[in-house]
Amino acid sequence: MSKDQDKRLYLIDAYAMIFRGYYALIRNPRLTSKGLDTSAIFGFSNSLIELIRREKPSHLAVVFDIGKENVRTADYTEYKANRSETPEAIQIAIPYIHRILEAMHIPVLGVEGYEADDVIGTIACKAEKAGYNVFMVTPDKDFAQLVTENIKIYKPGNKGSDVEILGVEEVKQKYGIEDPKQVIDFLAMMGDAVDNIPGLDGVGEKTAMKFLKEFGSIENLLENTHQLKGKLKEKVEASAERGILSKKLATIICDAPIDFDEDKYDLEDPDFEKVREVFDEIEFRRLYENLYRAFKSEAADPAIADPGKISRYEKVNIPKDASGTVQLDLFANFEDLEQATSTKSTIAENDHLYQFVDQPKAQKMLVNNLLQQQTVCFDTETTSLNEMEAELVGMSFSYKKGLAYYVPLSENRDEALQTIEIFKPFFEKESILKVAHNLKFDYKILRLYGVEIKGNLFDTMIAHYLLNPEGRHGMDYLSEIYLNYQPVSIETIIGKKGKNQLSFREADLQTQTIYAAEDADVTFQLYQIFAPQLKKENLEDLFYKVEMPLMEVLAKMELEGVSLDEAWLKQESIDLENDLKQLETKIFELCGEEFNMNSPRQLGEILFEKMQLDPKAKKTKTGQYATSEDILQKLVSKHEIIPYILEYRTYQKLKSTYVDALPAQIDKDDHRVHTNFSQTTAATGRLASVNPNLQNIPIRTLRGQQIRGAFVATEGKKIISADYSQIELRLIAEISDETNMIQAFQNGEDIHASTASKLFGIPLEEVTKTQRSQAKTVNFGIVYGQSAFALAEQTGLSRSEAKQMIDAYYETYPKLKEWMTEQVHKARKIGYVETVLGRKRHLKDINSNNFVVRGHAERNAVNAPIQGSAADIIKIAMINIDRKLDEENLETKMLLQVHDELLFESPVEEVQSATELIRTQMESAFETKVPLVVEVGVGKNWLEAH
DNA sequence: GCGATTTA
DNA sequence: TAAATCGC
């Protein structure tokens with residue numbers, strides 16, 4: 001096709017694309033070695049290059065809002081992300097993006113005083129008249145109003161979703177309308193917070209669609225409001241004027257003062273050298289290759305142009321005369337595949353060999369082959385994400401980039417076990433490094449099928465967690481970021497979440513093979529990237545000696561589960577229900593109206609509008625009344641209703657979150673609750689407990705405490721609870737070498753009272769309860785990295801009083817203050833802080849110009865080493881206890897970890913020796929000057945033991 | 001302060 | 001999606 005005939009113009013909505021790119025990477029920002037956040041630049045450039053590669057536009061232009069960049073960015077942040085600070089990364093990005101566009105010879109458009117939308121609208125209309133097909137490149141649905149036969153929306157794909165092109169038909173279908181122009185009416189009716197369009201009161205998406213069907217336009221609706229009824233009628237009529245205004249606001253102008261100069265938009269080759277210069281400066285390496293390919297490759301879309309490259313999978317056939325000697329060749333026929341690294345390639349574009357291996361003979365050959373390898377990556381496919389109820393569907397293996405095997409397993413458990421038996425030698429061979437993503441899952445599954453994985457382990461998810469604790473660690477995500485490769489999404493195979501979702505087993509064998517093999521392949525490639533990085537960052541010990549062994553301990557704890565007193569919970573649920581009913585009656589009586597007590601919004605309106613309890617009631621950021629506990633607490637004297645509300649809230653929480661939810665989580669087979677300890681969610685290094693969360697079982701209130709009583713030991717056993725006393729404060733003293741605090745601990749003093757005595761300059765014996773409590777709050781504030789502001793909020797002190805208190809605290813513990821300053825300096829200089837075991841926390845915001853953001857990073861610089869070190873130490877203790885219990889052949893089982901506490905179930909006759917073992921291991925897990933003290937309790941249940 | 005969970 | 005509340 002000659003260029004004259006090919007008239008396809010792509011108009012890129014620059015800011016929308018920049019923001020989109022930035023927020024796509026928000027949890028894993030791209031940083032240069034100097035700490036510059038290049039997420040926005042990367043996101044934009046990547047989308048741009050991807051667009052050129054895929055579509056080969058004949059004409060292309062990028063449209064900015066000009067002259068008021070800062071106003072525009074402020075708008076976007078406020079509405080789009082609900083954040084008060086403007087992301088610095090975006091402001092930094094703009095000049096770079098302009099340089100890149102200039103080097104790429106791509107024209108930049110904009111008209112002062114007009115929004116980018118209007119410029120795009122104007123050019124699109126003019127280009128259409130000139131015979132162009134126009135694509136408006138934007139994620140913004142407002143542009144749907146401009147869609148015609150020749151003007152379409154081009155919504156770039158991101159992870160999981162493919163490119164979406166919205167033409168007339170798609171727009172009609174999406175909004176259930178007859179003409180794309182009606183999108184304006186749609187927006188005018190329902191409003192749009194992002195663009196500050198008010199809309200009609202009481203009209204949301206659903207109602208707007210209904211109105212459009214019925215009335216066609218907002219004007220027609222407003223003329224016929226008599227057809228409506230009830231509240232809706234009132235609301236719509238009352239806001240009619242705003243509706244008309246909204247229509248004006250929602251309309252994209254198509255006559256901005258700008259000409260369509262088609263020659264200017266011709267897509268030319270970039271000045272590669274110049275682009276490279278900019279990319280080098282901000283350390284984009286792969287992107288340059290992608291850019292080069294985008295312009296130099298011939299086909300518009302390699303996947304379509306070259307069908308030979310689509311995925312190959314084949315069955316491994318055993319030759320008829322196969323003897324033991326035919327062996328390995330079948331598995332060695334795949335040499336040195338060059339990977340095509342186009343921008344974010346997919347399975348269709350990469351060379352690979354994925355094979356399924358379903359014959360026992362072939363499986364044995366595969367195992368023999370695996371046994372020759374030093375490092376093998378594997379993955380299991382199951383019918384469920386819950387290990388306890390999951391059935392194995394298949395296993396995949398990879399030990400070389402681009403090469404993977406899939407072993408399907410029979411639905412019949414005995415047959416499956418036979419196949420698994422073939423692979424046992426591999427799993428049990430110590431010398432092979434076994435790699436998987438989220439290995440704990442596979443470890444548990446295989447254990448339930450009688451396989452105990454041995455030897456060194458490598459979990460790519462945990463590896464990434466150590467490299468970047470704050471980031472996301474999903475395999476698909478990591479693949480896109482580190483391999484520039486988009487794996488097949490599980491949803492394309494088994495459908496979206498919901499009742500219609502298939503089980504993996506229901507997919508056909510070839511589909512299973514592609515998906516499973518790809519997972520193993522991708523994980524292997526991630527291993528190749530992460531392993532050297534761990535070494536480089538000195539994280540190998542933490543990884544191989546702490547996190548990976550801990551993974552096994554956690555797997556065992558999760559499989560063990562904990563026993564609950566179901567009968568008690570059942571009765572307590574009934575009791576709470578009755579109490580709640582009574583409280584509700586009382587509350588309705590006192591306010592003279594019935595409403596939904598579980599809706600903070602309704603409660604706020606009752607308290608502050610109807611009852612006028614506080615003329616200056618605080619609002620939340622979305623404008624409703626705040627009714628959180630601390631706020632209600634301040635109103636106790638205002639009205640007798642408040643205590644009832646507080647009590648209702650407490651009981652409601654207890655009932656829904658614990659008393660009713662826990663029994664529902666009991667396993668049908670072993671009648672125990674199996675939580676999941678996530679090793680990669682808390683950025684500080686702590687664990688997190690999910691499904692259910694057993695790390696927040698109540699303890700503060702009497703009624704709440706009773707729930708701990710429902711965590712029971714089974715017949716003939718006892719619960720042992722062992723917790724570190726003040727471990728964080730002890731570590732603060734230890735790490736900062738703060739003599740005043742160290743001595744207090746060495747003398748076995750009550751640390752909060754001791755702090756109070758020093759803080760207020762009075763003898764220890766004279767410290768009052770209030771003083772101790774204040775000192776305790778400050779101690780906690782330090783431990784949790786609270787700001788002075790938050791401390792003031794919590795203590796009820798004024799901000800300056802809180803500041804004074806903190807200053808006095810620093811004077812009391814000068815070395816501590818010194819250490820804190822040092823941490824912040826360290827973070828500023830090298831970009832991270834670390835724990836006693838070298839666990840890192842990167843603080844990219846430490847040099848931010850925004851004091852809120854920077855303050856946050858500064859508190860993290862102090863808090864992360866402390867909380868993280870405590871996490872390190874209990875992790876060591878857990879590993880050592882697990883080993884010792886095993887060595888001494890004790891039947892005592894570790895059940896739960898609650899940050900500074902461990903819970904065990906122990907046969908009565910073992911309790912004494914176990915207790916001693918646990919205490920010793922915990923107290924000696926890490927050598928310190930400050931004694932680590934552990935308090936141990938024993939009982940029939942958790943309440944008694946604690 | 002963080003993380004999990006429930007509810008509207 | 002936001003608010004509230006539980007733990008450490």
Side-chain angles (χ1 to χ4, degrees), chain A residues 79-82 193 204 469-470 595-605 618-633 645-662 664-665 675-701 703-705 707-708 723-729 731 776-777 779-791 793-794 841 852 855-864 866-868 870-871 874 896-903 942 946:
Chain A
Y79 296 114
K80 281 212 161 147
N82 277 323
E470 276 167 292
F595 62 100
N596 186 347
M597 270 296 295
N598 291 328
S599 163
R601 200 198 155 113
Q602 292 182 33
L603 177 67
E605 280 162 14
K618 264 199 197 156
K619 301 243 178 130
T620 63
K621 60 185 167 192
T622 50
Q624 42 173 315
Y625 294 105
T627 65
S628 54
E629 198 203 320
D630 49 330
I631 288 180
L632 295 187
Q633 208 62 258
I645 293 172
L646 287 169
E647 201 175 1
Y648 180 95
R649 281 258 177 91
T650 316
Y651 289 177
Q652 173 63 29
K653 177 84 183 176
L654 289 180
K655 184 169 187 292
S656 65
T657 313
Y658 306 106
V659 177
D660 287 344
L662 289 175
Q665 302 262 14
T675 184
N676 218 307
F677 288 105
S678 169
Q679 221 172 332
T680 56
T681 36
T684 51
R686 278 186 172 184
L687 300 174
S689 160
V690 289
N691 289 321
N693 181 355
L694 296 185
Q695 288 181 321
N696 71 343
I697 303 302
I699 190 158
R700 266 181 23 222
T701 63
R703 186 98 185 231
Q705 267 183 26
I707 293 168
R708 293 200 168 211
D723 70 291
Y724 280 112
S725 151
Q726 306 294 355
I727 186 164
E728 270 116 350
L729 281 175
L731 287 176
K776 186 174 169 181
T777 313
N779 276 335
F780 266 86
I782 299 287
V783 167
Y784 292 141
Q786 275 180 335
S787 61
F789 179 73
L791 181 74
E793 282 286 283
Q794 227 180 44
R841 175 96 189 249
V852 180
H856 186 71
E858 285 170 358
R859 288 193 300 279
N860 267 334
V862 172
N863 175 243
I866 296 163
Q867 214 173 89
I874 196 166
L896 299 177
Q897 188 249 44
V898 193
H899 308 305
D900 61 359
E901 173 184 8
L902 294 175
L903 206 69
W942 195 357
H946 197 86

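Lettering of chains follows the sequences in order, A, B, ..., and the numbering in each one begins at 1. Note that the coordinates shown come from a computational prediction; the quantities given were computed from them, not determined experimentally.
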Next item on the list: Check every atom of dG1(B), dC6(C), dA4(B) against the side chain of Ala688(A) and return the nucleotide holding the closest atom.
Entry: dA4(B)
Item checked: His946(A) and Gln705(A) side chains, donor-acceptor separation under 3.5 Å -> no
Checklist line | Closest to side chain of Glu629(A), choosing from dC6(C), dG3(B), dA4(C) | finding: dC6(C)
Margin query: What's Asn860(A) touching, base or sugar-phosphate or nothing? Going by heavy atoms closer than 4.0 Å.
Written below: nothing
Item checked: Ring centroids of Tyr784(A) and dC2(B) base under 5.5 Å with planes under 30° -> no
Margin query: Taking 4.0 Å as the cut-off, does a side-chain nitrogen or oxygen of His946(A) come that near to OP1 or OP2 on dG7(C)?
Written below: no
Next item on the list: Return the value, rounded to whole Å, for the distance between atom CZ of Arg649(A) and atom P of dT7(B).
Entry: 14 Å
Note to self: Determine whether a donor-acceptor pair (one donor, one acceptor, N or O, separation below 3.5 Å) exists between the side chain of Arg686(A) and the base of dC8(C).
What the structure shows: yes
Check: CG of Asn676(A) versus C1' of dT5(B): gap in Å, rounded?
Finding: 15 Å
Check: Are OP1 or OP2 of dA3(C) and a side-chain N or O of Thr620(A) less than 4.0 angstrom apart?
Finding: yes
Item checked: Whole-Å gap separating C1' (dA3(C)) and CG (Asp630(A)) -> 12 Å
Next item on the list: Would you classify Asn598(A) as touching base, sugar-phosphate or nothing, given that sugar-phosphate means primed atoms plus P, OP1 and OP2, and contacts are heavy atoms under 4.0 Å?
Entry: sugar-phosphate
Next item on the list: Indicate, with a heavy-atom threshold strictly under 4.0 Å, whether Ile697(A) touches base, sugar-phosphate, or nothing.
Entry: sugar-phosphate
Check: What nucleotide, of dG7(C), dG1(B), dT5(B), holds the atom closest to the side chain of Gln786(A)?
Finding: dG1(B)
Next item on the list: Please identify each residue that fulfils salt bridge (charged side-chain N to carboxylate O under 4.0 Å, His left out) with Glu728(A), with sequence neighbours left out.
Entry: Arg686(A)
Check: Just checking Gln624(A): base, sugar-phosphate only, or nothing, at a heavy-atom cut-off of under 4.0 Å?
Finding: sugar-phosphate
Margin query: At less than 4.0 Å, is any side-chain N or O atom of Thr657(A) found next to OP1 or OP2 of dA4(B)? Yes or no.
Written below: no
Item checked: Separation of atom NE2 in His899(A) from atom C1' in dG1(B), rounded to whole Å -> 12 Å
Notebook entry, point to check: How would you label the contact of Ser689(A) with the nucleic acid (heavy atoms, under 4.0 Å): base, sugar-phosphate, or nothing?
Noted result: sugar-phosphate
Next item on the list: Using modelled atom types only, decide if a donor and an acceptor are shared between the side chain of Arg708(A) and the backbone of Ile697(A) within a distance under 3.5 Å.
Entry: yes
Next item on the list: Identify whether any heavy atom of Tyr658(A) sits under 4.0 Å from a base atom; if not, whether one sits that close to sugar-phosphate; answer base, sugar-phosphate or nothing.
Entry: sugar-phosphate
Next item on the list: Using a 4.0 Å heavy-atom cut-off across all strands, classify Thr627(A) as base, sugar-phosphate, or nothing.
Entry: sugar-phosphate
Next item on the list: Check whether any side-chain nitrogen or oxygen of Arg601(A) sits under 4.0 Å from OP1 or OP2 of dA2(C), and answer yes or no.
Entry: no
Checklist line | Shortest non-hydrogen separation from Thr681(A) to Ser678(A) and the atoms involved | finding: OG1-OG, 3.0 Å
Note to self: Counting only side-chain nitrogens and oxygens, does Asn696(A) get under 4.0 Å of the OP1 or OP2 atom of dT5(B)?
What the structure shows: no
Notebook entry, point to check: Do Asn676(A) side-chain atoms and Ser689(A) backbone N/O form a donor-acceptor pair below 3.5 Å?
Noted result: no
Next item on the list: From the options dC2(B), dC6(C), dA3(C), select the nucleotide whose nearest atom is closest to the side chain of His856(A).
Entry: dC2(B)
